[in-house]
Number of protein chains: 4
Amino acid sequence: MPISKKTTTDKQAPGRRGELLATAAEVFAAQGYTATTVRRIADAAGLLAGSLYYHFDSKESMLDEILSTFLDELWAGYDAVLAARLGPRETLEALVTESFREIDRHRAAVAIYQREAKDLAGRPRFGYLAESQRKFERAWLGTLERGVADGTFRADLDVRLAYRFVRDTVWVAASWYRPGGAHSPEEIARQYLSMVLDGIAVRT
Amino acid sequence: MPISKKTTTDKQAPGRRGELLATAAEVFAAQGYTATTVRRIADAAGLLAGSLYYHFDSKESMLDEILSTFLDELWAGYDAVLAARLGPRETLEALVTESFREIDRHRAAVAIYQREAKDLAGRPRFGYLAESQRKFERAWLGTLERGVADGTFRADLDVRLAYRFVRDTVWVAASWYRPGGAHSPEEIARQYLSMVLDGIAVRT
Amino acid sequence: MPISKKTTTDKQAPGRRGELLATAAEVFAAQGYTATTVRRIADAAGLLAGSLYYHFDSKESMLDEILSTFLDELWAGYDAVLAARLGPRETLEALVTESFREIDRHRAAVAIYQREAKDLAGRPRFGYLAESQRKFERAWLGTLERGVADGTFRADLDVRLAYRFVRDTVWVAASWYRPGGAHSPEEIARQYLSMVLDGIAVRT
Amino acid sequence: MPISKKTTTDKQAPGRRGELLATAAEVFAAQGYTATTVRRIADAAGLLAGSLYYHFDSKESMLDEILSTFLDELWAGYDAVLAARLGPRETLEALVTESFREIDRHRAAVAIYQREAKDLAGRPRFGYLAESQRKFERAWLGTLERGVADGTFRADLDVRLAYRFVRDTVWVAASWYRPGGAHSPEEIARQYLSMVLDGIAVRT
DNA sequence: AATGAATGAGCTTTCATTCAT
DNA sequence: CATGAATGAAAGCTCATTCAT
């Protein structure tokens with residue numbers, strides 16, 4: 001692990017602004033965006049509510065920056081995986097593993113995303129959320145379809161249902177995952193993949 | 001089932017009160033409890049905000065009634081399944097099927113539960129949520145452990161991880177499920193069980 | 001004078017809303033729009049600040065309604081004068097008299113208009129202010145030009161300067177005029193017209 | 001006149017302080033004192049809001065310095081006129097001409113004065129505004145009364161009304177006057193005086 | 001001289017809730 | 001049962017001002 005004075009957060013943005021964003025993300029994740037008051041964020045960051053406005057335009061712009069920063073990083077990882085043009089199973093494994101790594105790095109942002117994305121996607125400012133969801137679907141659904149086509153995945157399953165199944169299964173983990181816990185992201189990914197790919201029942 | 005003019009909602013309570021609760025549940029599910037204003041509920045129900053207080057003590061008591069009604073029904077179903085003392089696999093199948101039936105009947109309540117339960121469980125008034133979560137865990141985790149013990153389920157999996165996996169897999173469906181859609185709850189249950197038990201990969 | 005319980009204001013809008021607008025206009029006129037806090041308006045009206053928002057969307061919408069109501073009435077009067085197609089001198093006299101009547105009826109609104117119109121006219125919501133200013137100029141300037149053309153008014157004066165001179169001379173009166181004072185609007189109009197038309201110097 | 005790099009403003013105070021005051025005056029005039037934020041002044045001057053406090057005690061003290069500087073100069077001019085003990089008509093002409101010269105030199109300050117003086121005069125710090133208004137009235141009203149007494153001005157006019165008429169006529173010009181425009185201050189004064197003294201109607 | 005960061009008071013606005021009618 | 005009007009607390013945000021560097 002690199003030498004760092006930060007102990008509380010998963011954000012990487014430097015300076016005061018970055019610290020404040022990390023604090024805000026933590027509080028948003030814990031209580032929900034709407035239920036979070038600016039005062040609570042300020043309390044958690046050790047300054048007064050009004051002082052946050054020296055750094056940010058609004059509560060909403062904090063949320064915006066948290067989510068867009070996270071999505072940028074997420075897509076950097078996903079795009080790298082997709083660009084490798086692996087087979088369907090290997091792609092799925094890589095996407096799942098990458099996802100758990102992102103959860104590990106941006107737990108708060110992921111939790112916020114899960115809770116708020118659906119409501120937010122409609123607002124112009126958060127249009128990139130809707131776009132991200134479309135790319136998301138294309139990536140996962142495409143991988144599954146390729147796998148069905150080449151005999152890697154079962155053909156008797158509704159592929160859209162399977163998509164939702166895999167997608168949700170992975171991301172909901174952000175609601176209980178705690179970085180630094182018993183399992184590394186890679187270990188969790190391995191277990192999840194084992195269940196998703198082979199099932200929990202013993203083979204007969 | 002009583003004669004009812006209602007066509008839009010999943011609530012069963014009769015009369016105006018029931019209609020209003022159903023409307024409230026729909027709005028809570030769509031926008032989140034905190035972000036929902038009493039005025040919006042009133043608008044959706046066709047009366048003025050203040051008039052809701054003739055029927056209910058508070059916004060919180062609406063939420064309370066929605067969630068407790070749902071949980072009462074859920075546990076009626078779950079308890080019946082558990083009382084049947086089936087084998088682990090059959091119990092799991094029955095619980096999953098029952099869960100999708102509940103999602104079908106109480107979609108809004110389930111969505112609210114998913115979003116808000118964690119924050120709410122701490123408050124005294126909603127203590128039953130925490131209790132329900134404990135019963136929940138006991139039921140599912142117990143079933144999985146029995147299944148591992150008798151060789152029905154794979155022994156090489158982290159059983160707590162598997163519990164979360166199955167739990168999330170089922171309930172997150174409430175976030176996209178629409179009653180009256182292409183699949184019946186039983187059909188969705190069958191597909192989910194197939195994936196959870198046997199995996200999505202083709203057996204080699 | 002009609003039977004009326006109102007004693008404080010010049011506004012005619014009925015009901016609570018109208019009373020509140022009249023109070024707001026008075027305070028805006030006395031302290032300036034920006035310097036007026038919503039709390040002060042509420043104090044003057046005898047309710048709490050938040051309660052104003054049951055009647056109005058925002059502080060700005062109060063201002064909007066005050067100004068647009070005034071301008072609607074003003075233009076009703078002006079248009080009637082212009083439609084009569086009197087000679088230039090008679091038109092000028094009628095416009096000045098009508099203006100002092102409006103000042104008498106809408107003193108607060110006129111004072112607000114004087115202070116704030118220039119800044120406001122740029123905002124989309126108050127676009128009608130700019131439009132009104134253009135109509136205003138057309139009415140007054142046209143009358144003066146007609147008068148110069150037919151020999152009623154002196155030809156050796158800069159007509160645009162004369163326009164500003166007459167316009168300002170009339171409207172600034174709102175800053176010191178008090179309804180119910182020593183002079184009726186018609187009397188003030190007569191004196192103003194006497195000075196504007198014939199000057200204050202004794203004829204030699 | 002001292003060598004100066006300033007080209008945009010009417011203030012004479014030398015150095016950074018003077019530049020800043022000129023900028024502040026411009027912004028105050030354009031948006032009103034209350035509606036002007038210290039940040040806007042700082043933006044316009046090219047430094048940060050806090051940095052202004054190295055030069056000035058407070059926003060109010062900027063306003064104070066702007067207004068008192070202007071009034072000092074104005075009264076230097078007025079007092080010179082009054083000391084000359086001219087006849088009523090010549091005094092009036094000289095006062096009007098001097099006024100337009102002041103508008104030319106201190107346009108922003110005059111505009112601020114017009115907008116804010118009434119509210120400000122009550123505060124102890126700005127007591128000199130009230131005093132100036134009294135001197136003002138004495139000078140103008142006295143001149144008019146002398147003129148009525150010696151037959152220079154018409155005796156059939158309400159002299160207080162005439163005073164307000166002349167006063168407003170002159171000063172409101174600050175709201176539209178732009179230095180460097182088509183008319184010199186002296187030219188505008190001549191036209192105004194022509195209208196005020198002889199009226200706009202053709203003599204019959 | 002000027003900056004970056006913060007304070008603290010006060011602002012406009014929102015909202016759950018109350019209550020006479 | 002419902003409305004119209006209000007309350008009062010708290011929310012998000014603004015802004016003049018301060019101060020260590």
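Naming: A, B, ... by sequence-line order, numbering from 1 per chain.
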According to side-chain hydrogen bond (donor to acceptor under 3.5 Å, both in side chains), who are the partners of D:Y53, at least two apart in sequence or on a separate chain?
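Partners of D:Y53 by the side-chain hydrogen bond (donor to acceptor under 3.5 Å, both in side chains) criterion come out as none, since no residue qualifies.
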
Expressed as a whole number of angstroms, how long is the span from B:Q31:CD to E:dC15:P?
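About 11 Å, once rounded to whole Å.
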
If you apply the rule side-chain contact (heavy atoms from CB on, under 4.5 Å), what do you find for C:I66 with C:Y113, and how did you get there?
CA-CA 9 Å; C:I66 289 165; C:Y113 182 87; over 6 Å; no

Is it the case that more than 12 heavy atoms not belonging to B:R39 sit under 6.0 Å from its CZ atom?
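At most 12 heavy atoms, drawn from other residues, nucleotides or ligands, come within 6.0 Å of this atom.
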
Ignoring hydrogens and geometry, is there a side-chain-to-backbone donor-acceptor pair from D:T23 to D:E19 under 3.5 Å?
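Yes, because the side chain of D:T23 sits within donor-acceptor range (under 3.5 Å) of the backbone of D:E19.
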
Give a yes or no answer on whether the side chain of C:S132 reaches the backbone of C:Y128 with a donor-acceptor pair at less than 3.5 Å.
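Flag not set: sc C:S132 to bb C:Y128 has no pair under 3.5 Å.
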
Using a 3.5 Å cut-off and no angle test, enumerate the donor-acceptor pairs between side-chain atoms of residues 115-123 of chain A and protein atoms at least two apart in sequence or in another chain.
residue : atom : partner : partner atom : Å
A:R115  : NH1  : A:Q31   : O            : 3.4
A:R115  : NH2  : B:R115  : O            : 3.4
A:R115  : NH2  : B:D119  : OD1          : 3.3
A:R115  : NH2  : B:D119  : OD2          : 2.8
A:E116  : OE2  : A:Y33   : N            : 2.9
A:K118  : NZ   : B:S175  : O            : 2.5
A:D119  : OD1  : B:R115  : NH2          : 3.4
A:D119  : OD2  : B:R115  : NH2          : 2.9
A:R123  : NH1  : A:E60   : OE2          : 2.6

Evaluate the side-chain contact (heavy atoms from CB on, under 4.5 Å) criterion for residues C:R16 and C:L47: first the C-alpha distance (whole Å), next the side-chain angles of each, then the deciding distance (0.1 Å), finally the verdict.
CA-CA 12 Å; C:R16 194 78 175 104; C:L47 41 64; 3.6 Å; yes

Going 5' to 3' on DNA chain F, which nucleotide is the first and which the last to come under 4.0 Å of a heavy atom in chain D?
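Contacts span F:dC15 to F:dT18, reading 5' to 3'.
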
Contact list for DNA chain F against residues 47-63 of chain A - heavy-atom distance below 4.0 Å:
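Listed by number, they are A:G50, A:Y53, A:S58, A:K59.
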
So if I take residues 36-44 of chain A and measure heavy-atom distances to DNA chain F, which residues fall below 4.0 Å?
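Heavy-atom cutoff 4.0 Å gives A:T36, A:T37, A:V38, A:R39.
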
Quick check for you: to the nearest 0.5 Å, what is the distance between [X] atom [atom1] and [Y] atom [atom2]?
X	Y	atom1	atom2	answer
B:L63	B:L21	CG	CG	10.5 Å
A:L52	A:K59	CG	NZ	11.5 Å
C:R17	C:Y54	CZ	OH	11.0 Å
C:L71	C:L129	CG	CG	6.0 Å
A:R125	A:S58	CZ	OG	5.0 Å
D:H106	D:T69	NE2	OG1	8.0 Å

On DNA chain E, does the nearest nucleotide to A:G46 precede the nearest nucleotide to D:L20 from the 5' side, or the other way round? Give the residue.
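The residue whose closest nucleotide sits nearer the 5' end is D:L20.
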
For DNA chain E, list all stems, counting runs of three or more consecutive pairs where every pair is Watson-Crick or G-U wobble with both distances under 3.5 Å.
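Stems (3+ consecutive pairs) listed as E:2-21 with F:2-21.
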
